[in-house]
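Note that these values count all heavy atoms, side chains included, but never hydrogens, waters or copies made by symmetry. Along the sequence shown, residues carry numbers from 1. Please read all numbers here as calculations on a predicted model, not as lab measurements.
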Amino acid sequence: MLLENAWRTLTETKFYPTNYNNKESLQCFMSWEWLSQWLETYQDYIVELKIICVLYNDEYITIAPFYICSNNTWGITTKTLSFIATNEPEHCEVTSEFIDIAYSTEHIQKQEIIELLCSQLNKLTDITKFNFKDLNKQSVMYAVCQQLKLQAIAYEEHITGYQFYLNTTSAYQYSTSFLKKKKRILNKFEKISNTKQDQFIIANKESQALKLYDQLVDLHQKRWQQKNKPGVFSNNYFYDFHKNFIKKNFKKGKIVLSAIQIENQVISVNYSIKWHNILYFYQSGIDEHYKPNLSPGLLNHLLLIGYCKEHNIKQYNLLKSKQNDYKSQFSQQGDELINITMLSSNKLNWFWLAVYRAKLGLKHLLKLLR
């Protein structure tokens, strides 16, 4: 309870400097609700929690929410340090974005926080690898990594995508082609409503939200199974994480499940998370075979944007995607997301590096011999 109160104070009431000058700059994945649900659901993957705290006069002024997972290769156990709610196995990952250190600069400067964290992380000599996924370049953790890499024996950094968002309180200049597409879709939906019973539904009860969640799962799974792929909801960890997250947070007003229903047939469901007056679109389920084709996925987005405007929600955030993805048609590109992997400077890693270089050398030699 003490750590929860401290975390909420730092992420909900304290103010960050520069790029994090208000709490609306933080992402929903840094909410206590998201992190604690992950800890509860994914505890099988946690070897050890490694939460680093900085206190000033018994007040928490910095909290770094790390954990350690392990792998066993050739009988050798390796340990990886990551942020909580990241770096779980790919088949069940919740894809948290822009998680960072929670901190306040009332009693300490940002640079001091960076140096303190570097000092503490360098003391973790049993850590084989540092793995941080989908960081923001403006984050404290990114700055920490830039210092840690000076002592790492290997460092890799790459962009995984970009966040896309739409500020609903200001005019956005859609392309002419998209405006035509938007008008065509909305007109078709209105035309159908004149001849059939259609609805844009926003769940207003927990039971309705859970029903829509299961309908989303069904639509999502059918779409992936048609591609001969299992779909992420086939994983019990992933399914249970979101079902319990919805149960615990729907009545708090943090969950929005929206659906398009025509004559009692649900053809699209969107699952979104509301935090600090921003609505984050997280997942969807779409019936691609419904006729006539209404582009149900895009239609749900357009109606949700209208919902945001009506309820004074200042931003509709579509989270990570690639450039030129469908999201770029009706939103603007935001900050890039970056993955960082580092091998710490210990004896085990020097061994692994020697093996890796030997493998590369062998491959090159075999290539020459051919």
Side-chain angles (χ1 to χ4, degrees), residues 3-39 60-65 83-86 94-106 110 134-142 162-170 172 202-203 209 241-242 245-258 270-283 301 304-321 327 331-337:
L3 191 61
E4 176 183 351
N5 291 339
W7 183 265
R8 288 188 184 280
T9 297
L10 290 171
T11 59
E12 296 176 13
T13 61
K14 297 288 183 181
F15 286 80
Y16 287 4
T18 58
N19 290 289
Y20 290 96
N21 56 7
N22 61 67
K23 288 301 165 245
E24 291 177 350
S25 299
L26 299 180
Q27 303 276 299
C28 62
F29 306 110
M30 282 187 71
S31 68
W32 178 263
E33 288 80 5
W34 184 266
L35 297 177
S36 60
Q37 185 60 59
W38 189 91
L39 287 172
Y60 287 85
I61 58 174
T62 301
I63 303 176
F83 274 131
I84 289 170
T86 68
V94 297
T95 57
S96 305
E97 299 178 15
F98 286 170
I99 292 186
D100 195 16
I101 313 300
Y103 70 99
S104 165
T105 55
E106 287 182 345
K110 181 178 177 181
D134 291 334
L135 294 179
N136 190 321
K137 246 186 180 176
Q138 309 301 325
S139 67
V140 172
M141 197 62 229
Y142 183 83
Y162 300 83
Q163 279 203 347
F164 287 84
Y165 67 95
L166 182 73
N167 289 325
T168 61
T169 55
S170 57
Y172 180 71
I202 300 288
F241 172 87
H242 289 290
F245 185 71
I246 291 169
K247 281 182 178 180
K248 293 176 183 177
N249 295 287
F250 181 80
K251 290 180 180 178
K252 296 178 182 178
K254 296 180 183 293
I255 305 295
V256 175
L257 277 139
S258 59
N270 277 10
Y271 163 32
S272 306
I273 302 162
K274 184 176 178 289
W275 201 54
H276 289 315
N277 206 29
I278 295 174
L279 190 66
Y280 296 87
F281 162 67
Y282 183 81
Q283 190 58 271
H301 283 301
L304 262 181
I305 291 168
Y307 168 86
C308 288
K309 291 178 179 179
E310 290 172 10
H311 291 80
N312 297 315
I313 298 171
K314 77 165 197 175
Q315 187 184 106
Y316 185 53
N317 191 313
L318 292 120
L319 298 176
K320 183 173 73 171
S321 192
K327 295 177 182 179
S331 61
Q332 61 193 79
Q333 181 178 304
D335 291 339
E336 59 196 16
L337 296 99

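Across all non-hydrogen atoms, the minimal contact from Pro65 to Asp100 is CD-O, 4.1 Å. Shortest non-hydrogen contact noted between Val140 and Tyr103 is CG2-CE2, 3.3 Å. Between Leu35 and Ile84 the shortest heavy-atom distance is CD2-O, 3.9 Å. Taking every heavy atom of both residues into account, Ile61 and Leu10 meet most closely at O-CD2, 4.0 Å. Between Ser321 and Lys327, the closest heavy-atom pair is CB-CD, 3.7 Å.
Remark: Ile273 CD1 to Lys254 NZ distance equals 10.5 Å, nearest 0.5 Å. Taking CG of Leu304 as the start and OG1 of Thr168 as the end, the distance is 11.5 Å to the nearest 0.5 Å. Of the inter-residue distances, the one linking Arg8 atom CZ with Ser31 atom OG reads 8.0 Å to the nearest 0.5 angstrom. Taking CG of Leu318 as the start and OH of Tyr165 as the end, the distance is 12.0 Å to the nearest 0.5 Å. Taken from CD in Glu12 to NE2 in His276, the straight-line distance is 5.5 Å, to the nearest 0.5 Å. Here Ile305 contributes atom CD1 and Ser331 contributes atom OG; the two are 8.0 Å apart, rounded to the nearest 0.5 Å.
No side-chain donor from either of Asn136 and Gln138 sits under 3.5 Å from a side-chain acceptor of the other.
A donor-acceptor pair is defined here as one N or O able to donate and one able to accept, closer than 3.5 Å; no such pair exists between the side chain of Asn249 and the backbone of Ile255. Between the side chain of Asn317 and the main chain of Leu319, a donor-acceptor pair closer than 3.5 Å is present. In this structure a side-chain-to-backbone donor-acceptor pair under 3.5 Å is missing from Lys320 to Glu97. Checked by atom type and distance alone, the side chain of Ser96 pairs as donor or acceptor with a backbone atom of Ala85 at under 3.5 Å.
Considering only heavy atoms from C-beta on, Val256 stays 4.5 Å or farther from Asn270 through its side chain. Within the 4.5 Å cutoff, no side-chain heavy atoms of Asp134 are placed close to those of Thr86. In this structure the side chain of Lys314 reaches within 4.5 angstrom of the side chain of Thr169, judged on heavy atoms. Proximity of His242 to Gln283: side-chain heavy atoms (C-beta onward) are nowhere separated by under 4.5 Å. Contact annotation: the side chain of Phe98 never approaches that of Leu26 to less than 4.5 Å [non-hydrogen atoms, C-beta and beyond]. A 4.5 Å side-chain heavy-atom check between Phe83 and Leu135 finds at least one atom pair inside the cut-off. Contact annotation: the side chain of Leu3 approaches that of Tyr60 to within less than 4.5 Å [non-hydrogen atoms, C-beta and beyond].
Among Tyr282, Trp275, Tyr280, the one residue that satisfies the ring pair (Phe, Tyr, Trp, His ring centres under 6.0 Å) test with Trp34 is Tyr282. Of the candidates Phe281, Tyr307, Phe164, His301 forms a ring pair (Phe, Tyr, Trp, His ring centres under 6.0 Å) with just one, namely Phe281.
Lys137 and Glu336 are joined by a salt bridge, as a carboxylate oxygen and a charged side-chain nitrogen come within less than 4.0 angstrom of each other.
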